[in-house]
Amino acid sequence: MPKTSKVVQREQSHEHVTESVADLLAHEEPLDYKSSSLNVGAAAGKKIPQIEVPESDGRPAWNSKLQYILAQVGFSVGLGNVWRFPYLCQKNGGGAYLVPYFILLLIIGIPLFFLELAVGQKIRRGSIGVWNYVCPRLGGIGMSSLMVCGFVGLYYNVIIGWSIFYFFQSFQFPLPWSDCPIRKNGTIAIVEPECDKSSATTYFWYRQTLNTTSTIAESGGLNIKMTLSLLVAWIIVCLAVIKGIASSGKVMYFSSLFPYVVLFCFLVRGLMLKGSVDGIAHMFTPKLEKMLEPQVWREAATQVFFALGLGFGGVIAFSSYNKIDNNCHFDAVLVSFINFFTSILATLVVFAVLGFKANIMNEKCVAENGEKILGYLNSNVLSHDLIPPHVNFSHLTPSDYADVYSIIKTVKEDGFAQLGLEPCLLEDELNKAVQGTGLAFIAFTEAMTHFPASPFWSVMFFFMLINLGLGSMIGTMTGITTPVLDAYKVQKELLTVGCCIVAFFCGLLFVQRSGNYFVTMFDDYSAGLPLTVVVILENVSVAWIYGTKRFMQDLEDMLGFRPSIIYFYLWKYVSPLCLIVLISATVIEMAISPPGYNAWVEDLAQERFQSYPPWALAMCFALIVVAMLPLPIVFIARHFNLMSDGSNKLSVSYRKTMMKDISNLEEQDEARFILGAKPGDTPLSGVARKPYVTPAGNKSVDPNSLSPNVCYGTSYQNAAISPTTPTPPTPLTPLTPESDS
């Protein structure tokens, strides 16, 4: 170090020397400043070799890149890929739906996913810490993410509990939902009326599994079977995340890969079933006119949004355990496309199986209506002359039945309705769209009862659902625990166990007999609108407040290459505009759609739509408000200096990164990092950095590195103050949004 250095001057003189930022940072724990080139205890004039500061700062890290990718895939690929995407594909034009979905994946999904990965990796903190750093006044973004994670985790683990119950019930032959139960009335045995009016799988779901009430207002008490299943689910989740990524990373090797094994097995088995090709052909037959409907694009954008787990905080939390120079752009593209192709694979499986089920149901319909026609022929209601000679009622095929049905309908035009004959069209069966629990626990389970070795396939299917849900729950829990562990010195195991215990008791709301209706309520209201608001604020805080050019420069410094200029325009204009349209469409949809739920009416053995009572409406509104409440509270509190901006809580890795930059330039021009000797002196300008070339070709103003104070127009160079002279706090002045020129 030069003898003119102020660090050396301190050793040779008793005069007061104002400390530099490098000096201050060198004294901060847990940095080993004795081994640093900024060591103030070095002998005067002695050259200290530059030591590369290690990447490890005590923060946990992924064992391998594969483990990290599997964690992100496990979080993003969840139950929605299996039971939501196929439904939307069928509802919105079949193969034509893939076009708007893929376009929106490119212009919304990948850029915003890349953005979350980048800020998490750069700042190495959870969602609360990251947005406190980017813009403290918008620090409520991270808190809202945490609130939404809490709401979603409560009911999402209930679904895993349902899957656990079905998993253990599958170890029977025949499967318990294969046939309707028989009720004995004295010497007479009759089929359970509720089951007879619906189906065996529907009855098992609503009555024997949920034992549901007819309205949300009727609690019915706790369902003991579901309560125990929920307890098992929380124990599994707790064990998976209790050691942080050290335990969850190992779980991800299995929970992320096993679903693909099951999906491929189901696809191969499904293609061997009769009618599977009909289901797949129906699925991917494009209805191009659907692409012109705004509703299709809105639902595609919503699915892209939730499929990648944007806004939950799990993506940022997982990325924060990466090395600073990890290629997060590659990760964003890879995980996004894995998610997309997983959705297509799941759609192929679902409609191969549903095509098989549709053929079985169609053949059953033909047989039942064939018997009706035989009865009418024997009672002379219909003439035998109407029946074509090639028709054999003992082996009535769907095509033969279609001929007979058409003839009878033409001849008996006036009295045809009284005959009660059904058309029995395969297309009608394939058009019966089901999603969510209706697909997994009713339609798919019914199809599996017709499989050879049905218990084996049922065990595989529900074990796959458990693993899909577990991967998403690990990401959700990480999105909750990581910000808390970053902010407070809490024992990781104690925090995890505490969260799981509290969540279990809160989750008892969902295992009442009416709990299924609360699951629907939370699914509809707790995440949709709040998460959309969270993500658009994330986008705006980086692109418009921190500045897209600065962010692009940070990415170049971090990745070693400059990302495509397309991201500049996507982050700056396209994504915010699309998200604003999506929020508007969501609000309009909520306003025009009557808030309610589908209740199972026991007497009718059918679902009926019912409106929420006033107290339930208030609960729906409260879910939205509570999730978004941190946003205005934090903004107001920091605007009026009622809350610390968190700028003094730099992560250790961030301080080390700054030390490396400063120590490399200390000998060249130490004056750049040192305040004036007098407290009133103005500090010199910061180190010049390589400017980022804007799209127009003009060079921007020197960008600062990603900083918690940039929202207030301050910088780390202003952090060093005289150790003997107090300095009044700097007023919070918002940064003028960055110009494009």
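Model, not experiment: these values are computed from the prediction.
The aromatic rings of F518 and F510 lie perpendicular to each other, with more than 60° between the two planes, well past the 30° mark. Ring pair F171/F168 is tilted by interplanar angle, where 30° to 60° counts as tilted. Using cut-offs of 30° and 60° for the angle between ring planes, the Y612 and Y525 rings count as perpendicular. By the 30° and 60° cut-offs, the orientation of the rings of F85 relative to Y101 is perpendicular.
For the side chain to side chain donor-acceptor pair (under 3.5 Å) condition, the pairs that include at least one residue of residues 499-521, sequence neighbours left out, are T212-Y517, S219-Q512.
Residue K243 places its NZ atom among 12 or fewer non-hydrogen atoms of other residues, nucleotides or ligands, all under 6.0 Å distant. Atom OH of Y253 sits in a crowded spot, with more than 12 heavy atoms from other residues, nucleotides or ligands closer than 6.0 Å. The local environment of CZ in F254 is crowded, with over 12 non-hydrogen atoms from other residues, nucleotides or ligands closer than 6.0 Å.
Pairing each heavy atom of F305 with each of L531, the nearest pair is CZ-O, 3.4 Å.
Ring centroids of F441 and W205 are separated by less than 6.0 Å, placing the two rings close together.
To the nearest 0.5 Å, atoms CG (N92) and CZ (R298) are separated by 9.5 Å.
In this structure, the side chains of I466 and F167 come closer than 4.5 Å at one or more pairs of heavy atoms. Within the 4.5 Å cutoff, no side-chain heavy atoms of W177 are placed close to those of S199.
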- Message: salt bridge (charged side-chain N to carboxylate O under 4.0 Å, His left out) for R207 and E602? Distances and angles first, verdict last.
- Response: CA-CA 9 Å; R207 188 56 50 213; E602 182 177 357; 3.8 Å; yes

- Task: Evaluate the side-chain contact (heavy atoms from CB on, under 4.5 Å) criterion for residues M521 and I216: first the C-alpha distance (whole Å), next the side-chain angles of each, then the deciding distance (0.1 Å), finally the verdict.
- Result: CA-CA 10 Å; M521 175 193 292; I216 194 173; 3.9 Å; yes

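For the side chain to side chain donor-acceptor pair (under 3.5 Å) test, no residue two or more places apart in sequence or in another chain qualifies with Q303. Taking the side chain to side chain donor-acceptor pair (under 3.5 Å) definition, one finds that S214 meets it with nothing, sequence neighbours left out.
No side-chain N or O of R608 forms a donor-acceptor pair with one of Q610 less than 3.5 Å apart. Defined by atom type and a distance below 3.5 Å, a donor-acceptor pair is present between the side-chain atoms of R638 and N132.
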